[in-house]
Amino acid sequence: MMNTDFDIENFVRQNVKNLKSYSSARDEFKSNDDLVFLDANENPFNNGVNRYPDPQQTRLKIQIGKIKNINPENILLGNGSDEVLDLIFRAFCEPRTDNVIILPPTYGMYKVLANINDVEYREVLLTANFQPNVDEILNIQNKFCKLLFICSPNNPTSNLFETDKIERLINNFNGLVVIDEAYLDFTDNLSWIERLKDLPNLIVTQTLSKAYGMAGIRLGICYASKEIIRILNRIKPPYNVNELTQQRALEGLSFKAETEKQINEIRHQRKNLLIKLRDITFVKEIFHSDANFLLVRVDDADQRYKQFMENGVIVRNRTNEPLCYNCLRFTIGTAQENEKLTKIAQKISQN
Ligand SMILES: *Cc1c(COP(=O)(O)O)cnc(C)c1O
């Protein structure tokens with residue numbers, strides 16, 4: 001941000017400012033073999049999960065920090081990105097006073113979380129080529145505008161946003177900018193976490209749910225200045241990332257070569273599927289994808305969605321989203337799954 005007197009305290013909700021967070025037993029003393037723990041009313045018989053988990057997920061943050069080349073104090077972990085995003089709302093948005101900006105068509109949770117937290121959301125539609133409308137966004141912001149959600153690559157449009165547009169937004173937006181990088185691993189782009197040092201109003205989120213293949217364990221990652229992380233830490237539930245998740249995440253993150261192989265295969269399959277779908281007569285347009293799914297415009301999305309379902313393949317019908325009329329979203333599966341999708345597409349295109 002241009003302005004050097006950026007002070008995060010000016011963005012924090014009043015009740016959070018005055019908050020003293022719950023100090024759990026495991027916050028005060030870290031697990032250590034030499035100590036006897038009679039402080040947390042746990043069952044003393046060891047079964048691997050009888051103790052409360054590390055509330056700060058220290059080992060996991062160190063490992064993520066190494067992989068992403070970032071200091072653990074710039075990391076907050078949550079029960080999926082969804083929890084992380086909810087914490088951001090609760091830390092910075094005064095219900096019924098503040099507002100946030102979202103850029104439809106985009107990830108549905110931003111709107112849901114705004115509603116749950118009773119925070120007004122303002123929508124600025126993406127342009128026809130699915131890019132943020134920077135002037136319009138900067139135009140509708142007011143002093144109560146606390147958060148701007150940028151999803152890049154964007155779900156469901158599958159494209160990255162242009163770097164200079166994002167940069168202009170971060171530099172000129174009055175509030176905090178949240179960049180959701182759930183699909184970044186399917187691109188060659190650098191993460192915005194590289195820029196955290198010079199952009200104090202930036203928050204970046206990532207997840208183990210997509211490229212890392214661990215949607216089932218629920219692990220979302222938030223990167224920000226240590227001042228922002230400290231504030232989010234104040235309001236997070238003490239044991240928000242359970243022991244099994246922490247263990248499984250550590251294990252999964254160590255399979256670096258396997259993860260890379262899978263990402264490459266998904267990217268390869270994305271290209272294959274795109275070529276196959278081009279020959280389907282009911283396919284009208286396939287949008288450029290930087291993610292692990294394709295957004296495809298068809299002749300009649302409701303009808304085709306139903307036909308895929310009747311043939312045993314569930315896809316996502318996005319026809320009711322703005323700019324996505326008659327669009328279906330296909331997640332890239334295995335070679336066999338994509339083959340099945342293609343076969344069914346050929347079959348149903350005959351009637
Ligand atoms: C899938 C997805 C996520 C992941 O959410 P988790 O709660 O971490 O599983 C986050 N953001 C976007 C845009 C997504 O599509």
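We count ligands from 1, going down the list as the structure has it; atoms in each ligand are counted the same way.
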Checklist entry - With Ala91, which residues qualify under side-chain contact (heavy atoms from CB on, under 4.5 Å), at least two apart? => result Ile231, Leu232, Ile235
Next on the checklist: So, using side-chain contact (heavy atoms from CB on, under 4.5 Å) as the criterion, who are the partners of Thr58 when residues are at least two apart?
Outcome noted: Lys30, Asp54, Gln56, Ile62
Item to check | Residues, nucleotides or ligands: over 12 heavy atoms within 6.0 Å of Arg297 CZ | outcome: yes
Item to check | Check: Asn292 main-chain N/O paired with Arg270 side-chain donor or acceptor under 3.5 Å | outcome: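 No, because the side chain of Arg270 does not come within donor-acceptor range (under 3.5 Å) of the backbone of Asn292.
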Checklist entry - Are Leu160 and Leu202 connected in the hydrophobic side-chain network, where two residues link if heavy atoms are under 4.5 Å apart? => result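 Hydrophobic grouping puts Leu160 apart from Leu202.
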Checklist entry - Who pairs with Phe161 by ring-ring contact (aromatic ring centres under 6.0 Å, His included), at least two apart in sequence or on another chain? => result none
Checklist entry - Who are the residue neighbours of ligand 1 when the rule is a heavy atom under 4.0 Å from any of its atoms? => result Gly80, Ser81, Asp82, Tyr107, Cys151, Asn155, Asp180, Ala182, Tyr183, Thr207, Ser209, Lys210, Arg218
